[in-house]
Amino acid sequence: QVQLVESGGGLVQAGGSLRLSCAASGRTFSGYVMAWFRQAPGKEREFVAYIRWSGSTYYLDSVKGRFTISRDNAKKMVYLQMNSLKPGETAVYYCAAGTVGSALPASYSYWGQGTQVTVSS
């Protein structure tokens, strides 16, 4: 079992930056693939990035070069540094844990409650 709690969301102007954090707790963290998804009102949940235990990463094309996912396995933390944010990226951002690196929400067994990111124009 893994429990996930996100933090770091907020209101930012277009072009600004935010750093999201995800704290994991529970019996195990090792081996899990950690991901960030986002969901805007009325839209499907969208993959943003994932990072494997080894540190290898994979990103949604539209965030490459602007977002960076990272993890600290000793602290059981996952981060999403978001730069050059756009108004269309306003959404609730979710942290997720799974055993397979995938862009599909169904591949992840554990989810946090989400943190709101609002990008104003």
Side-chain angles (χ1 to χ4, degrees):
Q1 284 279 0
V2 177
Q3 292 81 43
L4 304 172
V5 178
E6 302 95 335
S7 61
L11 174 64
V12 64
Q13 288 190 331
S17 299
L18 278 177
R19 187 195 195 207
L20 304 183
S21 299
C22 173
S25 62
R27 198 167 63 87
T28 62
F29 179 70
S30 64
Y32 279 104
V33 177
M34 301 300 298
W36 287 96
F37 286 78
R38 62 190 179 192
Q39 189 165 20
K43 294 190 176 181
E44 304 256 326
R45 193 163 293 193
E46 178 184 49
F47 167 78
V48 176
Y50 72 67
I51 184 167
R52 291 191 171 94
W53 178 257
S54 64
S56 64
T57 57
Y58 183 77
Y59 294 91
L60 176 69
D61 281 348
S62 63
V63 308
K64 285 180 183 177
R66 298 187 298 118
F67 289 15
T68 302
I69 188 171
S70 60
R71 66 191 292 168
D72 184 330
N73 292 330
K75 294 182 178 179
K76 297 185 180 180
M77 295 291 297
V78 181
Y79 306 98
L80 185 68
Q81 176 66 43
M82 304 186 295
N83 299 329
S84 302
L85 281 159
K86 305 174 182 178
E89 294 177 317
T90 293
V92 177
Y93 282 70
Y94 295 91
C95 177
T99 57
V100 177
S102 170
L104 299 175
S107 297
Y108 296 86
S109 302
Y110 304 102
W111 293 84
Q113 82 291 346
T115 185
Q116 177 70 46
V117 172
T118 302
V119 185
S120 63
S121 55

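Sequential numbering from 1 along the given sequence is applied to the chain's residues.
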So, taking the atom named [atom1] in [X] and the one named [atom2] in [Y], what distance separates them when rounded to the nearest 0.5 Å?
| X | Y | atom1 | atom2 | answer |
| --- | --- | --- | --- | --- |
| Tyr108 | Thr99 | OH | OG1 | 9.0 Å |
| Gln3 | Lys76 | CD | NZ | 9.5 Å |
| Lys64 | Tyr58 | NZ | OH | 6.0 Å |
| Leu80 | Phe67 | CG | CZ | 6.0 Å |
| Ser21 | Met77 | OG | CE | 4.5 Å |
| Glu46 | Ser62 | CD | OG | 6.0 Å |

Kindly indicate whether the side chain of [X], heavy atoms from C-beta on, has any atom under 4.5 Å from the side chain of [Y].
| X | Y | result |
| --- | --- | --- |
| Leu18 | Leu85 | yes |
| Tyr50 | Thr57 | no |
| Glu6 | Leu20 | no |
| Ser56 | Ile51 | no |
| Arg71 | Ile69 | no |
| Ser102 | Phe47 | no |

Notebook entry, point to check: How far apart are the C-alpha atoms of Arg38 and Glu44, what are their side-chain angles, what is the distance that settles it, and do they pass the salt bridge (charged side-chain N to carboxylate O under 4.0 Å, His left out) test?
Noted result: CA-CA 9 Å; Arg38 62 190 179 192; Glu44 304 256 326; over 6 Å; no
Do [X] and [Y] land in one hydrophobic cluster if side-chain heavy atoms of ILVMFWY residues count as linked below 4.5 Å?
| X | Y | value |
| --- | --- | --- |
| Val2 | Val78 | yes |
| Val119 | Leu11 | no |
| Leu104 | Tyr93 | no |

Margin query: Within a 6.0 Å radius of atom CD on Gln113, are there more than 12 heavy atoms belonging to other residues, nucleotides or ligands?
Written below: yes
Note to self: Would you say that more than 12 heavy atoms from the other residues, nucleotides or ligands in this model lie under 6.0 Å from the OH of Tyr110, or not?
What the structure shows: yes
Next item on the list: Kindly determine whether Thr90 and Gln116 satisfy side chain to side chain contact (heavy atoms under 4.5 Å, CB included), including the steps that lead there.
Entry: CA-CA 8 Å; Thr90 293; Gln116 177 70 46; 3.9 Å; yes
Measure across [X] and [Y] and return the closest heavy-atom pair with its distance rounded to 0.1 Å.
| X | Y | value |
| --- | --- | --- |
| Ser84 | Arg66 | O-NH1, 2.9 Å |
| Ala49 | Tyr59 | CB-CD2, 3.5 Å |
| Ala14 | Ser121 | CB-CA, 4.4 Å |

Next item on the list: Please test Cys22 against Tyr79 for side chain to side chain contact (heavy atoms under 4.5 Å, CB included), starting from the C-alpha separation and ending with a verdict.
Entry: CA-CA 6 Å; Cys22 173; Tyr79 306 98; over 6 Å; no
Next item on the list: Determine whether the aromatic ring centres of Trp111 and Phe37 lie less than 6.0 Å apart.
Entry: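 Centroid separation for Trp111 and Phe37: below 6.0 Å.
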Next item on the list: List the steps, then state whether side chain to side chain contact (heavy atoms under 4.5 Å, CB included) holds for Ser17 with Gln81.
Entry: CA-CA 7 Å; Ser17 299; Gln81 176 66 43; 3.9 Å; yes
Next item on the list: Can you spot which of Val48, Val63, Val12, Val117 makes a side chain to side chain contact (heavy atoms under 4.5 Å, CB included) with Glu89?
Entry: Val63
